[in-house]
Amino acid sequence: MIRAFPASGPNGAVALTRMGTPSMNITLHIGAHRTATTTFQHYLGTRTDMLTQQSALLWGPGRTRKGLINGLYHAAPQGWKARKDARKARGRVRLQVRQAAMSGIEHLIVSDENMIGSTWQCIRSGRLYPSIGERLARLGDAFGQDINRVVLSIRSQELWWASAMAYAVSRGHPVPSGQTMTKIADDTRSWRDVITDVSCAIPDADLRVITFEEFAGQPHQTLAVAADVDAPLDPTVPWLNRSPDRRALRILLQERGEDVDLIPDGVGRWQPFTDAQAACLREQYADDLHWLIAGADGLATLIQDPARIETGTSLQVGALTEGHGNDNGQERLARPG
């Protein structure tokens, strides 16, 4: 059974009943990036029969990025063409939602981390998803505010940024400068602000937050959080879209004719922040988790992995920042991402 720290607010479900359409639950799985979202999407994409048996349907990136919401995020929405494209996008979404409901689907899962922006936009601005509120407000309008659940996955900031930067560099973007690292480390925007923006954009949805540290490698548990669909553990699920390590990044820079010394030599994860900067980002994450555990001002619910070892009446020292202890009998390994 999934355990949660419940929010104190009135977040509730909204059923799709417009124009005689049968009731259907809609979940947005919005990422964030670098939190095992590709693994989750692959897991669902290879289990369509299981989803069909439980009257569930996945709309993944293969659908959302191939015309479904084209025109929804114009940079200048005040223009005539932009307004026309946005109307077309809203029409496509609502038509296809209605068709899914009429076909007997009871739970629609829309999973695409690009719905909230991109990692490069975050790096360029030095902030966590600065436009997430506006983007989700437009998406909520496209779905007619019939979204009843939103799932957001978060990760310790110093590792999230490191993974995002490594991935961006591997896709051809330049290695961020030291000034960028300082700007990110000094910025006060944290997951708490991201969660607040999501709640304001889609206020009637049940906003559920999961952590990469607990749910990575367990897509069946993420599915249970997103859609209350029962699925068994599958240890053969591949770990997809990992960020490249230092050695791989240096090879890529060399192939592109760029300065390989921008990435330190050696093996293992590239950590672009200084020790002091990384400590500051870890402290931000600890504050975010404490806020979520305390109820998140009624805006969201922090979901806890049911496989996690039980703690006592008080949290163990370091429980928010350290993983499972060694030899705890769970036979689970932390994987890089």
Side-chain angles (χ1 to χ4, degrees), residues 1-14 25-37 40 107-113 115-117 122 127-141 143 145-157 160 188-216 218-219 221-229 281-306 308 315 319-321:
M1 178 180 180
I2 293 289
R3 296 182 57 205
F5 294 97
S8 57
N11 294 332
V14 179
N25 295 316
I26 301 176
T27 293
L28 294 187
H29 175 253
I30 59 176
H33 298 83
R34 318 313 303 157
T35 59
T37 53
F40 175 67
H107 208 128
L108 174 63
I109 306 165
V110 186
S111 179
D112 185 354
E113 59 274 26
M115 292 187 294
I116 60 176
C122 294
R127 313 201 78 195
L128 283 171
Y129 298 105
S131 61
I132 188 172
E134 180 182 359
R135 293 177 69 90
L136 285 184
R138 295 187 192 183
L139 196 64
D141 178 60
F143 277 91
Q145 294 298 335
D146 290 316
I147 301 162
N148 74 300
R149 186 175 297 176
V150 177
V151 177
L152 171 70
S153 49
I154 63 176
R155 182 178 186 179
S156 186
Q157 276 90 316
W160 185 89
T188 59
R189 182 172 174 84
S190 69
W191 291 119
R192 176 174 180 170
D193 300 290
V194 172
I195 292 165
T196 301
D197 287 351
V198 174
S199 179
C200 290
I202 310 180
D204 294 322
D206 171 20
L207 175 53
R208 298 185 170 193
V209 180
I210 61 177
T211 65
F212 171 85
E213 291 81 5
E214 290 194 349
F215 281 80
Q218 298 196 80
Q221 292 292 1
T222 302
L223 176 58
V225 173
D228 301 318
V229 172
L281 292 170
R282 280 195 298 270
E283 184 176 358
Q284 276 191 350
Y285 189 54
D287 290 342
D288 290 336
L289 291 181
H290 279 294
W291 174 72
L292 282 163
I293 291 172
D297 297 329
L299 302 178
T301 302
L302 176 64
I303 306 297
Q304 186 178 33
D305 177 4
R308 181 177 178 176
L315 284 175
L320 295 182
T321 57

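The model shown is predicted, which means the values in this text are computed figures rather than measured ones.
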[X] (side chain) donor-acceptor with [Y] (main chain) under 3.5 angstrom:
X: Glu213; Y: Ser156; value: yes
X: Trp191; Y: Arg155; value: yes
X: Thr27; Y: Ala226; value: yes
X: Asp287; Y: Gln284; value: no

Nearest 0.5 Å, please: how far is [atom2] in [Y] from [atom1] in [X]?
X: Asp297; Y: Leu292; atom1: CG; atom2: CG; value: 9.5 Å
X: His290; Y: Leu302; atom1: NE2; atom2: CG; value: 11.5 Å
X: Ile303; Y: Leu152; atom1: CD1; atom2: CG; value: 12.0 Å
X: Glu134; Y: Asp197; atom1: CD; atom2: CG; value: 11.0 Å
X: Asp146; Y: Ile26; atom1: CG; atom2: CD1; value: 5.5 Å
X: Asp288; Y: Arg192; atom1: CG; atom2: CZ; value: 8.0 Å

State plainly whether the residues Arg149 and Asp206 are in salt-bridge range, i.e. N to O under 4.0 Å. yes
Specify the closest pair of heavy atoms between Ile147 and Gly140, including all atoms of both residues, with the distance to one decimal. CD1-CA, 3.9 Å
Determine the minimum heavy-atom distance between Cys122 and Tyr129, stating which atoms define it. SG-N, 3.2 Å
Run the side chain to side chain contact (heavy atoms under 4.5 Å, CB included) test on Leu128 and Gln157 for me, step by step, so that the C-alpha distance in whole Å, both residues' side-chain angles and the decisive distance to 0.1 Å come before the verdict. CA-CA 9 Å; Leu128 283 171; Gln157 276 90 316; 4.2 Å; yes
Given side chain to side chain contact (heavy atoms under 4.5 Å, CB included), test Ile202 with Phe143 step by step and report yes or no. CA-CA 11 Å; Ile202 310 180; Phe143 277 91; over 6 Å; no
Restricting to side chain to side chain contact (heavy atoms under 4.5 Å, CB included), what partner residues turn up for Ser153, sequence neighbours left out? Thr35, Thr37, Ile210
Going by salt bridge (charged side-chain N to carboxylate O under 4.0 Å, His left out), name the residues that satisfy it together with Arg135, two or more places apart in sequence or in a different chain. none
Val150 and side chain to side chain contact (heavy atoms under 4.5 Å, CB included): which single residue from Leu139, Ile195, Val198, Val110 fits? Val198
